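Note that the coordinates shown come from a computational prediction; the quantities given were computed from them, not determined experimentally.
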Amino acid sequence: MKNKLAYLRALSQKKAAQLSTAGALTLAGIGAAQAAEGGGSGGASASYSQAFSTLESQAGDMASQAWPVVIGVVGSLLAIGLFKKFANKST
């Protein structure tokens with residue numbers, strides 16, 4: 001049993017080391033890809049800001065379309081609650 005536990009401990013430490021190495025290599029690869037793409041240059045920054053401004057405008061459009069639905073649902077729930085309240089009082 002002791003040998004099994006020692007084996008499992010060594011195996012888990014080996015796997016942890018492999019995972020940390022894979023994580024470090026992944027981060028290095030991402031950094032290299034951004035450097036090759038010009039991640040620090042003004043062009044990439046402009047494209048990022050354009051993407052976020054597009055995302056922001058789309059989110060605003062979706063929110064403006066969702067408000068009537070939200071108001072309808074909340075109003076319906078309030079009306080149902082009031083109806084149940086008055087129905088229970090009348091009985």
Side-chain angles (χ1 to χ4, degrees):
M1 183 72 168
K2 201 174 205 180
N3 289 338
K4 276 287 193 191
L5 287 175
Y7 171 75
L8 288 175
R9 184 178 301 130
L11 184 64
S12 68
Q13 288 173 348
K14 180 180 175 184
K15 290 295 179 186
Q18 288 175 346
L19 286 174
S20 64
T21 303
L25 289 174
T26 302
L27 289 176
I30 290 171
Q34 284 184 345
E37 185 180 291
S41 69
S45 177
S47 65
Y48 293 149
S49 65
Q50 181 185 8
F52 277 111
S53 65
T54 303
L55 181 65
E56 183 181 4
S57 68
Q58 288 176 350
D61 292 341
M62 288 181 192
S64 65
Q65 291 175 358
W67 271 113
V69 175
V70 170
I71 291 170
V73 168
V74 171
S76 299
L77 291 174
L78 288 174
I80 290 170
L82 286 174
F83 177 77
K84 287 172 72 174
K85 184 177 181 179
F86 288 123
N88 284 336
K89 283 190 177 189
S90 67
T91 58

Quiz item: Who else is in the cluster with Trp67 when I, L, V, M, F, W and Y are joined by side-chain contacts under 4.5 Å?
Solution: Val70, Ile71, Val74, Leu78
Quiz prompt | With sequence neighbours excluded, residues passing side-chain contact (heavy atoms from CB on, under 4.5 Å) with Val73 | solution = Val69, Leu77
Quiz item: Should side-chain heavy atoms under 4.5 Å link Ile, Leu, Val, Met, Phe, Trp and Tyr, which residues sit in the same cluster as Phe52?
Solution: Leu55
Quiz item: Taking ILVMFWY side chains as joined if any heavy atoms are under 4.5 angstrom apart, and letting links pass through other members, which residues group with Met62?
Solution: none
